[in-house]
Amino acid sequence: MELCGMSAVVLATLLRKGEISSREITESVFKRIGEREKTLNAYITTVKDSALKQAAQADEKFRKDNKLPLLAGIPIAVKDILCTKGIRTTCGSKILENFIPTYNATAVERVLKDGAVLIGKTNMDEFGMGSSTENSIIGPTKNPVDTQLVAGGSSGGSAAAVASGEAILALGTDTGGSIRQPSAFCGAAGLKPTYGRVSRYGVIAYASSLDQVGPIGRTAEDCAMLLNAIAGYDTLDSTSADINKPDFLEAVKKDIKGLKAGLPKEYFIEGLDKGIKKKIDEAIALLEKNGVEIVDISLQHTKYAVSVYYLIATAEASSNLARYDGVKYGFRSGDDIDDVIMMYEATRNEGFGREVKRRIMLGTYVLSAGYYDAYYLKAQKIRTMIKNDFDKAFKDVDFIITPTTPCLPFKLGEKLSDPLQMYLVDIYTVSLNLSGLPGMSVKCGEINGLPVGMQIIGKAFDEETILRVGHAYEKMSEK
Ligand code: GLN
């Protein structure tokens, strides 16, 4: 197998044995980029020269010291929503097309400190708004499994890069499913940590009470390795949690016998692809055979989750995106216009894409004086009820199993003209963001060659259990 197709954990071991160099891995990744990137469009920016320099530095350090952090010398891709010092960060938008941050996001800072090799910035739906990576200024990312299909979104570039060998690991963000859903569509593993587990400092805000940074890798173990590097308290983010950080790579080694898994009946209903249901049923049977106790549970307010999510996410987005006015950063239009308000209007009109404008309008509407109680406040109340459902369920079970998506990856363009259809793809993922809970998608077989994702949901700050279950499942399904 080529180096670019191997898992991060395996590569880290080979690096320590001195059998391979970071330069070789990095060159292998760039060779793959040369072969596939024209079609896939997974990156907005690649930084080959600095990557090769970082690889050489890692190799130099390995010559002197074998006890480097596990990420040392491993190529990583970063979603273009995370600020990277001196490297253009567009968020998939024209309005930030020439924005070069002066600092690194904390998650980026931490992987670089560990010696990871930054390959580039990945494609995404503009400001994270979308489920297919079709809403990007540079056009859609294609699914590496079948390039007629979408890669999922909004971290589609990160998932496609990992799945295709254009990166070994990647960072994504997840506001309503954007790590888990593209991971499912591309056949990768992706984890959304508990809200507060990973610092949001330097992450361009979409919906601040929902956004989380997380790892995408080939396996649950790879996600654990990357999570070890990025998790932990950060004084620069007041919502980051000052709590104990376990060793996630140690956690995956534990047996899963005796754990209790909940199956929420509201997630196995009409609208779920029959083939996906069958695959999830098989996975559940396999877990049961390996000593997991299966319990039926109910998350009764699930049916409101998509509506509540799109009210709260758009409300927060309309406020967060008010800062783009052509003055502070990025693109400006209307330099010839004397009137400042008209300059703002021209800038925002030309700088934002259709979906972003739709959401700013919707968010402004639900926050407006006359409708605040009817929409925004009510959505916040139901958000609490959705969270209470999970709290109740977790009194009886250790984790919850659901499909990641109701459908298989769809054709490019298929849902673009119908935003409601696009929003429904998030039906199984948004509740976790509303509740702040961690969740991971792992590959659970294929249907006609297309990957299926299984979602494992955990208690707050219990990423250990979901990684452990994900890893155990990957091992037992290999057999
Ligand atoms: N698809 C969802 C949305 O468009 C989720 C996106 C995300 O998680 N960033 O809002």
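Note that ligands are numbered from 1 as they come in the structure, with each ligand's atoms numbered from 1 the same way.
If you number the atoms of ligand 1 from 1 as listed, the ones under 4.0 Å from a heavy atom of Gly130 come out as 1 (N), 2 (C), 3 (C), 4 (O), 6 (C). Per-residue contacts place Asp174 under 4.0 angstrom from the following atoms of ligand 1 (heavy atoms of the residue considered): 8 (O). Atom numbering of ligand 1 starts at 1 in the shown order; those under 4.0 Å from a heavy atom of Met129 are 4 (O). Set against the non-hydrogen atoms of Tyr206, the atoms of ligand 1 under 4.0 Å away are 3 (C), 9 (N), 10 (O). Each of the following atoms of ligand 1 lies closer than 4.0 Å to a heavy atom of Gly176: 5 (C), 7 (C), 8 (O).
At a 4.0 Å cut-off, not a single heavy atom of Tyr423 sits close enough to ligand 1 to count as contact. Using 4.0 Å as the threshold, Gly177 has a heavy atom nearer than that to some atom of ligand 1.
Classification of the Tyr103-Tyr201 ring pair by plane angle, with boundaries at 30° and 60°, yields tilted. The aromatic rings of Tyr423 and Tyr310 lie parallel to each other, their planes meeting at an angle below 30°, with 60° marking the opposite boundary. Classification of the Tyr372-Tyr376 ring pair by plane angle, with boundaries at 30° and 60°, yields tilted.
At a heavy-atom cutoff of 4.0 Å, ligand 1 is contacted by the side chain of Arg359 but not by its backbone. Heavy atoms of Ser154 found under 4.0 angstrom from ligand 1 belong exclusively to the side chain.
Electrostatic pairing of Asp174 and Arg180 counts as a salt bridge here, judged by a charged N lying under 4.0 Å from a carboxylate O.
Here's the thing with Thr175: one of its N/O atoms is less than 3.5 angstrom from an N/O atom of ligand 1.
Around atom 8 (O) of ligand 1, the closest heavy atom drawn from Gly152, Ser178, Ser155 belongs to Ser178.
Between the side chains of Thr122 and Lys79, no donor-acceptor pair is found at a separation under 3.5 Å.
The distance between the ring centers of Phe127 and Tyr206 does not fall below 6.0 angstrom.
With a 4.5 Å cut-off on side-chain heavy atoms, Ile87 and Ile100 do not count as touching.
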